[in-house]
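Labels below follow one simple rule: chain letters A, B, ... track the order of the sequence lines, proteins then strands, and each chain is numbered from 1. Fair warning: this is a prediction, and the values are worked out from it, not measured in the lab.
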Number of protein chains: 2
Amino acid sequence: MKGINMIQLAKELGLSVSTVSKALGDSHEISASTKKRVNELAKKYNYKPNPFASNLRKKKGKQIAIIIPDIVNNFFALAVDGIEHVTMAKNYDTFIYLTHESLEREKALLEHLENGLISGLIISVSSGREGYGHFQEFYENTKLPMVFFDRVPDLLQFPKVISNNYESTFDATARLIKAGCKRPIFFSTQEPLFTNMERIRGFQAALSSAGLLFSEDMIVKCSYDMDQNYSALRKIFLSKKRPDGVFASIEKFAISLYQVCKDLEVNIPRDVKVIGMNNLRTAALLSPSLSTVSQPSFNMGKEAATLLLKMIEKKTYAAANDIIVLKNELTIRESLHA
Amino acid sequence: MKGINMIQLAKELGLSVSTVSKALGDSHEISASTKKRVNELAKKYNYKPNPFASNLRKKKGKQIAIIIPDIVNNFFALAVDGIEHVTMAKNYDTFIYLTHESLEREKALLEHLENGLISGLIISVSSGREGYGHFQEFYENTKLPMVFFDRVPDLLQFPKVISNNYESTFDATARLIKAGCKRPIFFSTQEPLFTNMERIRGFQAALSSAGLLFSEDMIVKCSYDMDQNYSALRKIFLSKKRPDGVFASIEKFAISLYQVCKDLEVNIPRDVKVIGMNNLRTAALLSPSLSTVSQPSFNMGKEAATLLLKMIEKKTYAAANDIIVLKNELTIRESLHA
DNA sequence: TGCAATTACGAAAACGTTATAGCGGAAAAC
DNA sequence: GTTTTCCGCTATAACGTTTTCGTAATTGCA
């Protein structure tokens with residue numbers, strides 16, 4: 001029974017299309033008995049309203065989009081899981097788009113999505129602080145609800161879901177120092193992301209509150225290319241001023257670090273103490289087990305999606321430049337203390 | 001300039017809507033000069049054709065869907081990455097749906113997608129061999145192109161992208177035996193998936209070709225609940241007939257195994273040798289480093305998407321119950337030899 | 001020069017919904 | 001007993017495209 005539509009349903013029921021439409025929409029204008037008749041026949045024929053026709057007419061649909069830099073990263077995978085958890089429950093269809101850290105791709109995507117395909121947008125940005133114009137422009141052009149999570153454009157007024165990066169990095173760095181580090185370094189992203197800046201702030205604050213001096217070369221900017229990271233780290237650990245502590249703000253970089261240390265026979269934690277910020281399920285099984293600050297990724301996704309759907313359905317929710325802050329979790333393992 | 005449409009464009013150009021539509025579609029009926037005029041004005045107003053109207057009229061769109069059991073699993077994340085790589089390039093929008101290993105969810109999803117939202121489907125099934133009816137039914141009802149990858153319904157005639165599970169499991173098992181294992185066990189999925197059965201076949205064949213006896217209790221069915229796996233494995237490793245080798249056919253299970261061995265102080269590889277089938281980026285960094293059979297996940301996704309888009313666009317591609325087989329890669333690390 | 005073929009466009013009918021306005025008839029109100 | 005209200009339903013016009021068919025003007029061909 002391919003492609004049965006409302007018109008055929010109406011004909012068979014001896015009703016008008018409008019009545020059928022309203023019946024299926026559970027309108028109060030329609031009597032219970034006809035509603036029943038309509039729904040039964042619809043079920044019998046396995047009738048499914050055509051979403052294109054419906055969206056076209058209503059100028060609104062139940063489709064949203066996720067834009068993230070990367071999916072091969074436990075943090076984002078978990079976040080997507082969280083998002084899907086709520087969109088699924090509310091019968092929304094979810095597009096996924098990956099930017100692979102490319103600002104160009106991100107811009108192109110947003111421009112594409114101005115066609116009206118979606119009714120809302122969940123984003124984790126790939127661009128630095130200077131490159132936020134396209135988000136604002138997208139919003140001006142579409143007025144669509146948007147929620148940012150984790151990597152948020154701090155300078156723009158949009159609802160955001162983040163975690164307490166400043167505090168947790170402060171705490172983690174303090175632990176490194178307490179464990180004896182005099183010269184910890186910080187693995188940073190290339191782009192000047194807000195998330196990353198907050199972490200750097202936490203790092204610096206912890207240093208200064210312990211009476212240690214911060215210097216620019218403590219911030220190591222990592223590339224998105226694993227090989228390049230490997231050689232950069234190798235160079236650092238072969239240099240004279242070898243660091244004795246590392247806060248690795250990104251999943252990939254912790255992995256590269258472990259490889260370098262293994263190859264150079266730099267002992268963790270004796271020679272260098274490490275805390276990584278990530279959601280690796282294998283953190284506890286690494287050699288040595290990796291101390292981590294892990295983000296509540298699943299819940300961040302969940303919160304972001306819940307907020308977005310609220311905005312779309314405008315139940316009670318009005319303006320929206322809320323910022324929801326969830327807590328990261330610090331887990332100390334062997335990479336800090338032998 | 002929110003929501004400019006063809007009608008307004010046509011009006012401003014002094015042309016009819018049909019001419020504008022054809023011009024934008026680069027129809028041969030339209031002169032080069034008017035095409036140019038139309039395109040320029042369209043660009044000026046940042047005009048984007050409404051996909052709902054267009055899809056409704058054409059009864060076809062540029063949206064496809066991915067249905068997978070899980071995204072928090074490097075294999076699937078990489079596959080999605082591969083899929084997105086090609087859909088992106090061809091300007092398709094990609095929905096993502098997660099079944100979380102639930103046959104019910106899978107069925108509900110397929111039923112939902114009968115509404116015509118998508119033009120094609122890429123699937124990795126969550127159901128066992130007996131539960132394939134819904135795929136067939138979906139196809140009958142929609143006639144939509146579908147491509148399966150990795151976890152494929154072997155009994156149905158659909159195009160598939162898989163990896164050489166039989167051979168690579170055979171080889172891996174042979175290596176376990178060669179390293180001295182007399183009583184290796186196999187960590188299997190709950191559901192009787194084809195993928196898994198192929199691996200078991202390879203396992204058995206390797207045993208028998210080495211003159212070892214296979215017994216049913218060598219197959220350990222694992223749950224999707226990590227805690228449950230932990231206790232099950234614990235029990236096995238506390239029993240008298242402790243295995244001396246493991247082939248872990250699923251990512252999660254290798255992780256549980258490492259935890260159990262760590263806690264019980266069972267030494268890998270001295271007491272038990274391990275090869276895991278997964279795409280963990282941290283495999284080399286585990287303690288001891290984990291020998292793996294890794295699947296070409298990214299490429300599997302890429303191939304599946306390429307095939308699907310070919311089918312959708314029916315360029316030269318006609319029927320399609322192709323099976324594309326890619327090769328897994330065996331990497332031996334410390335978990336096999338100290 | 002005469003006729004067919006081609007070129008470049010327009011009118012109008014789809015595609016399958018939803019929303020607005022309206023309309024009989026019955027119940028309620030005066 | 002007339003007017004008003006409400007109930008349950010229908011007719012019809014959108015929503016923004018694409019496509020089919022038609023047509024006037026131009027070109028090609030003999």
Criterion side chain to side chain contact (heavy atoms under 4.5 Å, CB included) against B:L41, the qualifying member of B:K44, B:K43, B:R37: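 That would be B:K44; it is the only one of B:K44, B:K43, B:R37 passing the side chain to side chain contact (heavy atoms under 4.5 Å, CB included) with B:L41.
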Touch class at under 4.0 angstrom, heavy-atom based, for B:G116 against every strand present: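 Nothing: the residue B:G116, judged by heavy atoms under 4.0 Å, touches no strand.
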Touch class at under 4.0 angstrom, heavy-atom based, for B:S31 against every strand present: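 Contact class for B:S31: sugar-phosphate only.
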Closest-nucleotide ordering on DNA chain C, the 5'-leading residue of B:H28 and B:A53: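 Closer to the 5' end of DNA chain C: B:H28.
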Residue-phosphate contact under 4.0 Å: B:S16 side-chain N/O, C:dA11 OP1/OP2: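 Answer is no, no contact under 4.0 Å.
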Phosphate OP1/OP2 of C:dG16: any B:K59 side-chain N/O under 4.0 Å: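 It does, given that an N or O in the side chain of B:K59 lies less than 4.0 Å from OP1 or OP2 of C:dG16.
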For the side chain of [X], starting at C-beta, report the closest nucleotide among [options].
{"X": "A:N50", "options": "C:dT17, C:dA19, D:dT19", "result": "C:dT17"}
{"X": "A:T19", "options": "D:dT10, C:dG16, D:dC21", "result": "D:dT10"}
{"X": "A:L56", "options": "C:dT17, D:dG16, D:dT17", "result": "D:dG16"}

Under-3.5 Å donor-acceptor pair between A:R57 side chain and C:dT17 base: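 Result: no qualifying N/O pair found.
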Mutual orientation of the aromatic rings belonging to A:F95 and B:F95 [parallel < 30°, tilted 30-60°, perpendicular > 60°]: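 Correct class here is parallel.
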Mutual orientation of the aromatic rings belonging to B:H112 and B:Y97 [parallel < 30°, tilted 30-60°, perpendicular > 60°]: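 Aromatic pair B:H112/B:Y97 classed perpendicular.
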